[in-house]
S.K.: 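The structure that follows is given in the form of structure tokens.
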Amino acid sequence: MMAALAACDKGAQVTLLEPNEKLGRKVYITGKGRCNLTNNTTPDGVLRNVPRNARFLYSAVNRFTPTDVMEYFTKLGVPLKTERGGRVFPC
């Protein structure tokens with residue numbers, strides 16, 4: 001969805017396909033329905049908490065860090081709050 005938004009900002013016509021009844025449902029249900037966006041930690045902190053095959057995420061989480069995620073949503077005007085365990089949610 002973030003890539004689709006970036007493409008739209010560049011003038012592309014985008015169609016999102018979603019097999020669930022609601023677009024982004026799997027993201028929405030994280031954090032018990034409050035949409036856990038990221039964790040306020042380092043890339044290594046993220047990888048330490050991946051239960052298996054953390055190497056798969058290494059490149060992605062180092063190119064678009066948790067700080068980058070928070071800055072992305074803040075620039076969109078989404079106020080964020082960090083809760084227990086460093087979990088970051090939209091206010």
Side-chain angles (χ1 to χ4, degrees):
M1 288 185 294
M2 291 168 67
L5 180 59
C8 285
D9 285 346
K10 299 288 185 188
Q13 185 176 0
V14 175
T15 301
L16 291 171
L17 303 175
E18 172 67 62
N20 293 306
E21 68 278 359
K22 183 178 178 183
L23 181 65
R25 182 174 186 275
K26 289 196 175 197
V27 175
Y28 174 75
I29 64 174
T30 60
K32 298 182 181 175
R34 296 184 305 138
C35 194
N36 180 205
L37 299 172
T38 190
N39 277 54
N40 193 352
T41 187
T42 64
D44 286 336
V46 171
L47 297 172
R48 276 194 303 272
N49 289 291
V50 174
R52 59 181 179 255
N53 200 15
R55 287 179 41 205
F56 173 77
L57 295 174
Y58 181 85
S59 179
V61 81
N62 277 285
R63 288 178 187 223
F64 198 67
T65 68
T67 299
D68 295 331
V69 173
M70 291 184 283
E71 287 175 2
Y72 174 83
F73 284 103
T74 300
K75 286 179 184 175
L76 286 176
V78 178
L80 304 175
K81 64 178 177 177
T82 300
E83 294 188 2
R84 180 178 45 86
R87 297 172 302 154
V88 178
F89 297 96
C91 293

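The shown structure was predicted, so the numbers you read here are calculated from the model rather than taken from an experiment.
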S.K.: How many angstroms lie between atom CG of Leu47 and atom OG1 of Thr42, to the nearest 0.5 angstrom?
M.R.: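 With rounding to 0.5 Å, CG (Leu47) is 8.0 Å from OG1 (Thr42).
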S.K.: Indicate the atoms forming the closest heavy-atom contact of Gly45 with Asn49, along with that distance.
M.R.: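 Result for this residue pair: O-ND2, 2.8 Å.
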S.K.: Kindly indicate, with the supporting measurements, whether the criterion side-chain contact (heavy atoms from CB on, under 4.5 Å) is fulfilled by Leu16 and Leu23.
M.R.: CA-CA 8 Å; Leu16 291 171; Leu23 181 65; 3.8 Å; yes
S.K.: Could you tell me whether Gln13 atom CD has more than 12 heavy atoms of other residues or ligands within 6.0 Å of it?
M.R.: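 Open: at most 12 neighbouring heavy atoms sit under 6.0 Å from CD of Gln13.
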S.K.: Locate the shortest heavy-atom distance separating Pro90 from Cys35; write the atom from each residue and the value.
M.R.: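 Here Pro90 and Cys35 meet closest at CD-O, 3.2 Å.
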S.K.: Hydrophobic cluster membership, with links at side-chain heavy-atom distances under 4.5 Å among I/L/V/M/F/W/Y: are Val69 and Val78 in one?
M.R.: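 Yes, one cluster joins them.
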S.K.: Count the heavy atoms of every other residue, nucleotide or ligand shown that sit under 6.0 Å from OH of Tyr58, and state whether that count exceeds 12.
M.R.: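 No, because the 6.0 Å sphere around OH of Tyr58 holds 12 heavy atoms or fewer from other groups.
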S.K.: Shortest non-hydrogen contact from Arg84 to Arg87?
M.R.: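 In this case the closest contact between Arg84 and Arg87 is O-NE, 3.0 Å.
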S.K.: Determine whether Val27 and Met2 fall in the same hydrophobic cluster, where Ile, Leu, Val, Met, Phe, Trp and Tyr are linked whenever their side-chain heavy atoms lie under 4.5 Å apart.
M.R.: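 Cluster IDs for Val27 and Met2 differ.
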S.K.: Please check if the side chain of Asn36 supplies one atom and the backbone of Thr38 the other of a donor-acceptor pair under 3.5 Å.
M.R.: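 Yes; judged by distance alone, with no hydrogens or angles, the pair exists.
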S.K.: When rounded to the nearest 0.5 angstrom, what distance separates OG1 in Thr67 from CG in Asn40?
M.R.: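 Reported to 0.5 Å precision, the distance equals 6.5 Å.
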S.K.: Could you tell me whether a side-chain N or O of Asn39 sits under 3.5 Å from a main-chain N or O of Gly85, the two making a donor and an acceptor?
M.R.: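 The answer is yes, because a donor-acceptor pair under 3.5 Å joins these two groups.
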S.K.: Check whether more than 12 heavy atoms from other residues, nucleotides or ligands sit under 6.0 Å from atom CZ of Phe56, and answer yes or no.
M.R.: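 Count not over threshold, so no.
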S.K.: Enter the distance from Met70:CE to Lys75:NZ here, rounded to the nearest 0.5 Å.
M.R.: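 One finds 13.0 Å between CE of Met70 and NZ of Lys75.
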S.K.: Does Leu5 share a hydrophobic cluster with Met1, counting links as ILVMFWY side-chain heavy atoms below 4.5 Å and allowing steps through other members?
M.R.: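 Looking at the clustering, Met1 is in a separate group from Leu5.
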S.K.: Return yes if some donor-acceptor pair links the side-chain N/O of Asp68 with the main-chain N/O of Thr65 below 3.5 Å, else return no.
M.R.: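 Present.
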S.K.: Quick check for you: to the nearest 0.5 Å, what is the distance between Leu80 atom CG and Thr74 atom OG1?
M.R.: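 Result: 4.5 Å between the selected atoms.
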S.K.: Between Phe64 and Val88, is there a shared hydrophobic cluster once you connect ILVMFWY residues whose side-chain heavy atoms come closer than 4.5 Å?
M.R.: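 Phe64 clusters together with Val88.
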